[in-house]
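Some notes on the structure that comes next.
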2 protein chains.
Amino acid sequence: MSGERPTLADVARRAGVSPSTASLALNDSGPVSAATRVRVEAAAQELGYAGPDPRARSLRRGRSGIVGVVLEDSLRDAFRDPMNVLMLDGIADVTGPAGNSLLLITERAGGPSSLVDAPIDAVVLFGCSPRVDDKVAVVRRRGLPIVSIEGEPADGVVDVGLDNREATRALAQHLRDLGHRDVALVTLELDRERRHRLLTPDLIGRATTYTAVERMKGAFEVFPEARGFATLGSTIDEGLVAGRELLADTAHRPTAIIGQSDLLATGVIRAAAELGLRVPDDLSVVGFDGVRVDDPAADGLTTMVQPAIAKGQAAGRAVLGLLAGEEVPSVSFTSEFRRGRTTASPAASASAGSAARA
Amino acid sequence: MSGERPTLADVARRAGVSPSTASLALNDSGPVSAATRVRVEAAAQELGYAGPDPRARSLRRGRSGIVGVVLEDSLRDAFRDPMNVLMLDGIADVTGPAGNSLLLITERAGGPSSLVDAPIDAVVLFGCSPRVDDKVAVVRRRGLPIVSIEGEPADGVVDVGLDNREATRALAQHLRDLGHRDVALVTLELDRERRHRLLTPDLIGRATTYTAVERMKGAFEVFPEARGFATLGSTIDEGLVAGRELLADTAHRPTAIIGQSDLLATGVIRAAAELGLRVPDDLSVVGFDGVRVDDPAADGLTTMVQPAIAKGQAAGRAVLGLLAGEEVPSVSFTSEFRRGRTTASPAASASAGSAARA
DNA sequence: CTGAAAGCGCTTACAG
DNA sequence: CTGAAAGCGCTTACAG
């Protein structure tokens, strides 16, 4: 350790030129004689100059080259959902080559808020609710461009959306067309209370998670009376819990279940298997996302395929556009229906059950 | 948009004080009269001052409050392994409250390297091979503290290690004690070539992934002749592929398989099930990590439990210590054996097979 | 308690 | 082609 890191001034002194010239030589950003350039480069080499201090450069340039990615949950929870990872990867696909790295920002209660502090040039909101959220206010005050992914429409926020409502409506309609009448929902987390429980009108009314709410609305358009279970998020385990709960009452068992993600749907299928129910003969199950799930139970799942990576890339492009001062429109992606082998017409016995109840 | 973001100077001017005084008032970092403080705060409020520009502050202070996390793979690949997510979360546990956020750095070939450019105060290397790696050289040149997680010992790098070799040796010994003699390995990725294939001496010789190599060595200490299959990384799918490959030849089937991760072991168990083999009756399987796998095949897996979150937290503490100028020692964590229901003595038939071969 | 000054390390017009 | 100067926005000794 030579103690202090050499600066551009050190290099210039050693090369016997002014700092300005050294800067031009090293950055190739102005006319410099070959001889001078060689001398400066040699000096930099000898001193072990590691390039300009990014802090100084970013102050001078007004850019840090860092994009903040704001996640609601702990990293652990956020990355458990493969969609989030894919979207993050999509963002990096675009921002990385443009010289921007991603800063992870999770807002834990208490502690310093990096949303206020961090040297970021822009922000991408992940699974947040921009409208409700005071995070947006903070960022807006700083004058940073904001991009949200599947965010509730909010002023000054460019959104990368998904047809959550319409897509879920299509799934529900698919079930209805097959003859299902008694359908239950398994939702993503509806609020930040970290409790999973049966859906109640009260709970629905207070739900804050935009994506989950939109998907729920789509289902209700077709099955206004649907029961449901709100989970803690997109995992197979949560789907299993939900499935057990919804399928427990044999006298009042739905003939189909709409999972708000493929992982949840996979868990439901496991629950069905536990109870000796065959899918799709005794129970139809649909998911959402179209992600590859490492589980045989997920094979041939009927679902809506969403373009997660493309969404991330779009968010990345939106960030770059805003940073370039362009007018950037919100965009909305469309999911694609994928018919699998987990949906069929309800069994006669189920219909009989309904009839008996009537 | 009011055009320009207000600066401290603007606030000072409006409050009728000097910038120095405004700074002291806003940061509570010096003696300021109550009246002045009120005036400055009011001015800040009126102007919508969003706090000090982090770029300027970090230049002045010589700290950006950002810790770089260097991942070998794409984010998608890195976060597929739950261990990495847990460790990352552990780092954030410690660095977050201290006011540091995490910057994701993945070195894709070509493109600007944020390892050179980014305003980071320190670096944590994830699943890299510090000794071999030129990344370390870059960071060292910048004079930044470096912490590696399960890195090969390297000068000036504080490591957070795990007893990979010894732990795997213990697993292997467990199998040997049960009577197994014909054991196969399923390894994590051994190099960056993105091909999965059977282990060969050549491949083993060129392996660069420290963790995988250490675990392999531990197994070889007990079973020097073990065959094996090198995967693309810790996923159930890769374990499935490996299992199929290793179990395909009925004449030469191992009686036990050592997976280098629980996900790989889970895949192996699935492969066994496909072939009609019962675990542990026909095949013993062990894993590594002790992670919760969302899969019934993983229930009761015999494995070594490693403290992933604690490792991340230790890495976070090491970073903070180095930033504080302390002498920070490398540390090594110990895994804990967990006997499950996936290991047993080899069946008589298998022994017979060996006998027949002899 | 308050202000003038220096400086963090760099880049970029602007003269020469 | 080269250098002196200004300035990015802030913080921190140092006088007063």
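Residue numbers begin at 1 in each chain, while the letters A, B, ... track the order of the sequences.
The span of DNA chain C lying next to chain A, judged by atoms under 4.0 Å from heavy atoms, is bounded 5' to 3' by C:dG9 to C:dT12.
Between B:Pro153 and B:Asp159, the closest side-chain pair of non-hydrogen atoms is not below 4.5 Å. Within the 4.5 Å cutoff, the side chain of A:Ile120 has heavy atoms near those of the A:Ile105 side chain. Residues A:Phe126 and A:Leu88 meet the side-chain proximity criterion, which asks for heavy atoms closer than 4.5 Å. Taking the side chain as every heavy atom from C-beta outward, A:Arg37 and A:Asp28 approach each other to under 4.5 Å.
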Should B:Arg80 and A:Val85 be marked as a side chain to side chain contact (heavy atoms under 4.5 Å, CB included) after you check the CA-CA gap, both sets of side-chain angles, and the distance that decides it?
CA-CA 8 Å; B:Arg80 187 170 291 160; A:Val85 174; over 6 Å; no
Checking side chain to side chain contact (heavy atoms under 4.5 Å, CB included) for the pair B:Lys311/B:Leu86: CA distance, chi angles, key distance, verdict?
CA-CA 9 Å; B:Lys311 275 166 60 195; B:Leu86 292 176; over 6 Å; no
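Residue contacts shown for B:Pro31 include a base, since a base heavy atom lies under 4.0 Å away. Across all strands, A:Arg55 comes closer than 4.0 Å to no nucleic acid atom at all (heavy-atom distances). Backbone-only engagement by A:Thr36 is indicated by non-hydrogen atom pairs under 4.0 Å involving sugar-phosphate atoms exclusively.
For DNA chain C, if you chain together Watson-Crick or G-U pairs that step i with j, i+1 with j-1 and so on, the runs of at least three with distances under 3.5 Å are C:1-3 with D:14-16, C:5-12 with D:5-12, C:14-16 with D:1-3.
A:Asp121 and A:Ser64 form a side-chain donor-acceptor contact under 3.5 Å, judged by distance and modelled atom types alone.
Comparing B:Thr21 and B:Leu59, the nucleotide of DNA chain D nearest to each residue sits closer to the 5' end for B:Leu59. Position along DNA chain C of the nearest nucleotide to B:Arg61 versus B:Ser18 favours B:Ser18 as the more 5'-ward residue. In terms of position on DNA chain C, the residue among B:Ala56 and B:Ser20 whose nearest nucleotide sits closer to the 5' end is B:Ser20.
Between A:Val160 and A:Phe333, the shortest heavy-atom distance links the atoms CG1-CE1, 3.9 Å.
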